[in-house]
Amino acid sequence: MVLSSFFGAGHIADAFFVAFRIPNFFRRLLAEGAFAQAFVPVLSEFQERRNREELERFVQAVAGNFGVVLIALCVIGVILAPVLVTVFTLGGWRGDARQELATGLLRIMFPYLGLISLTAFVGAILNSFGRFSVPAFTPILLNIALIAGGLYGGRTFEQPVYALAWAVVIAGVLQFAFHMPSLAALKLLKFPRIDWRSDGTRRMLRLLVPAVYAASAGQINILVGTILAASLAVGSVSWLYYADRLIELPVGMIAIAIQTVILPNLSKLHSRDDLEGFRNSLGWGVRVAILMGAPATVGLCCISVPLVATLFFRGEFEVQDIHMVAIALQAFAVGVLPLMLVRVAAPGFYARHDAKTPFKYASIGVAVNIAVSLCLFKLIGHVGIAIATSVAAIVQCILLMQGLAKRGDLIWNRSLSMTCIQTACACAGMAIVLAVLAPRGEFWQVASEWSRIWWTSLLLGAGVLSYFVVLFLLGVRIRHFQGHM
């Protein structure tokens, strides 16, 4: 909301979002995606089958090796900032003021990659020991820093957007430091050491190479979208970014939370050869993803305009931007449930130290995304890019679910089928309520800000209430959302 108010969807916003997306792309490629998928299963095995000294030496080796790689990447990234901006925009900004601005912003922000990747490494350790609160809270620090940078940047910088870049770096320092007391409490705050030959390191690397690609297919799809959007009308990158923020709300709150909890649990169950527990845990994750992901998809489609207008329509954000972001949001929303199921299903393979199968499925998903994007982006602009992202998520989801079913890890039983039927009925009821209540026409463009807030709150409340009332009438209870980790 702050960023849209101060920077809208013009050339400054486009430049910042491209520059910010580059270190975040590598962060999710190396840290939150592939690294966690390769590190957590091996760490869980050390917890279950090795002694404390071996566990500590493994953590020290990973910290040292990962730290050296990150330092090198950060130095290279700062030096090659102009090249990276050119690559991420496919040269579409050459000779444009956005190229120079994005390069300057990227040089400031690229070290954030190292800081947040180390933060993700420490967070993965805490998650493996059942301590989820600190890693879950940490992203709030970045949000606070960005809001502060947006609000006060104009007072200290001639170009206020540079305040956002420095805010990102400061947030990285705070996020990493915030984890240190918890790591010390586990007595794992040890001096890093470089050791590429240890058994744990080599096993992790064997998982890491295919996982770098497989776990980050979504980021590669976003990268493709950014490159193509940069060649479209000014504002296209920003329209997709704002829509993506709303998509990430349910995915981040629900799917990533399930993934964070389920991966170390599945890894431990695999180490104990507990097949029944493995199936139950995976089935629980799929059930919760369906119960929470389907209404998110329907809700985002039904009230896309109210959400965009209420959250973003102020300051530099214009009337045209409401429509452009809303239609992108509807296209993205179709892929919310598949994206959530991908997050839940992939750990079923990584917990068994199988990174090759998700790698294969991710490759197919990326190919589908590129093909659909190239077919549609010239015809319907940034909306075609959003549609391609959703289609790719659907394809990858189907492949992962089929793969788990074939190997017997996911049993599609009567319980899961009933969950789908109950969810579909509840979503239909919610859609009807939203269609009846939502104001039409130009209301969202001319209404006061408080009127928009009131009506959107009413729609959200009515939608949530109607969904859960129908679920309750169909027999769904709180226990169906609960799992035993």
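Everything quoted here is computed from the prediction, not taken from an experiment. Only this structure's heavy atoms are used, side chains among them; waters, hydrogens and symmetry mates stay out.
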One pair to check against side chain to side chain contact (heavy atoms under 4.5 Å, CB included): Phe349 and Leu400. What are the steps and the verdict? CA-CA 9 Å; Phe349 294 92; Leu400 285 169; 3.6 Å; yes
Run the numbers on Ile394 and Ile398 for side chain to side chain contact (heavy atoms under 4.5 Å, CB included), then give the verdict. CA-CA 6 Å; Ile394 292 170; Ile398 292 172; 3.9 Å; yes
Verdict with reasoning, Val464 to Tyr467, per side chain to side chain contact (heavy atoms under 4.5 Å, CB included): CA-CA 5 Å; Val464 170; Tyr467 176 75; 5.9 Å; no
Passes side-chain hydrogen bond (donor to acceptor under 3.5 Å, both in side chains), Gln175 versus Thr138? Steps please. CA-CA 6 Å; Gln175 288 173 307; Thr138 301; 6.0 Å; no
Please test Leu471 against Leu291 for side chain to side chain contact (heavy atoms under 4.5 Å, CB included), starting from the C-alpha separation and ending with a verdict. CA-CA 9 Å; Leu471 278 186; Leu291 285 167; 4.2 Å; yes
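Distance CD1/Ile258 to CG/Asn265: 13.0 Å, rounded to 0.5 Å. Going from atom CG of Leu404 over to atom CZ of Phe278 covers 7.5 Å, rounded to the nearest 0.5 Å. A distance of 11.5 Å separates CG of Leu142 from CD1 of Ile170, quoted to the nearest 0.5 Å. Taken from CZ in Phe332 to CG in Leu246, the straight-line distance is 10.5 Å, to the nearest 0.5 Å. The CZ atom of Phe58 sits 10.0 Å away from the CD atom of Gln47 when rounded to the nearest 0.5 Å. Atom CG of Leu146 is separated from atom CG of Leu151 by 11.0 Å, given to the nearest 0.5 angstrom.
Judged by distance alone, with hydrogens and angles left aside, the side-chain atoms of Arg107 form a donor-acceptor pair with the main-chain N or O of Val78 at under 3.5 Å. Between the side chain of Asn280 and the backbone N or O of Glu276, at least one donor-acceptor pair lies under 3.5 Å. In this structure a side-chain-to-backbone donor-acceptor pair under 3.5 Å is present from Gln60 to Phe191. A donor-acceptor contact shorter than 3.5 Å is absent between the side chain of Asn369 and the backbone of Val391. Judged purely by atom type and a 3.5 angstrom limit, Ser281 has no side-chain atom pairing as donor or acceptor with the backbone of Gly277. At distances below 3.5 Å, at least one donor-acceptor pair connects side-chain atoms of Lys268 with backbone N or O atoms of Ser128. Put simply, the side chain of Arg314 gets close to the backbone of Leu311: a donor and an acceptor are under 3.5 Å apart. Between the side chain of Gln330 and the backbone N or O of Cys301, at least one donor-acceptor pair lies under 3.5 Å. In this structure a side-chain-to-backbone donor-acceptor pair under 3.5 Å is missing from Thr419 to Arg287. Between the side chain of Thr297 and the backbone N or O of Ala333 there is at least one donor-acceptor pair closer than 3.5 Å.
Ring geometry for Tyr112 against Phe20 counts as tilted: the plane angle lies between 30° and 60°, on a 0 to 90° scale. Using a 30° and 60° split on the angle between ring planes, Phe17 and Tyr241 fall in the parallel class, below 30°. Classified by interplanar angle (parallel below 30°, tilted 30° to 60°, perpendicular above 60°), the ring pair Phe317/Phe312 is tilted.
Contact check for Phe121 versus Val59: side-chain heavy atoms found under the 4.5 Å cut-off. At least one side-chain heavy atom of Ile303 sits under 4.5 Å from a side-chain heavy atom of Leu460. The side-chain heavy atoms of Val87 and Val83, taken from C-beta on, include a pair separated by under 4.5 Å. For the pair Tyr242/Val308, no side-chain contact is recorded, criterion being any heavy-atom separation below 4.5 Å from C-beta on. Counting heavy atoms from C-beta on, the side chains of Ile247 and Thr389 never come closer than 4.5 Å. A 4.5 Å side-chain heavy-atom check between Ser133 and Leu126 finds every atom pair outside the cut-off. Between Ile290 and Leu341 there is a side-chain heavy-atom pair separated by less than 4.5 Å. The shortest distance between side-chain heavy atoms of Val85 and Phe88 does not fall below 4.5 Å.
Judged as a salt bridge (charged side-chain N to carboxylate O under 4.0 Å, His left out), and not counting sequence neighbours, the contacts of Arg407 are Asp354, Asp409. Remark: Asp321 engages no residue in a salt bridge (charged side-chain N to carboxylate O under 4.0 Å, His left out) (not counting sequence neighbours). Here Arg21 pairs with Asp244 under the salt bridge (charged side-chain N to carboxylate O under 4.0 Å, His left out) rule; sequence neighbours left out.
Closest approach of Val344 to Leu282, counting heavy atoms only: O-CD1, 3.7 Å. Of all heavy-atom pairs between His382 and Ala328, the closest is CD2-CB, 3.7 Å. When every heavy atom of Val169 is checked against every heavy atom of Met109, the shortest pair comes out as CG2-CA, 4.1 Å. What you find for Leu118 and Gly67 is that their closest heavy atoms are CD2-CA, 4.5 Å. Contact detail for Gly114 and Leu70: the closest heavy-atom pair is O-CD1, 3.8 Å. The shortest non-hydrogen separation linking Ala15 to Arg98 is CB-O, 3.9 Å.
Other residues, nucleotides and ligands place no more than 12 heavy atoms under 6.0 Å from the CD atom of Glu100. The environment of Met253 atom CE is sparse: at most 12 non-hydrogen atoms of other residues, nucleotides or ligands sit within 6.0 angstrom.
For Glu53 and Arg57, the salt-bridge test fails: no basic side-chain N is under 4.0 Å from an acidic carboxylate O.
Leu105 pairs with exactly one of Val161, Ile22, Val18 by the side chain to side chain contact (heavy atoms under 4.5 Å, CB included) rule, that one being Val161.
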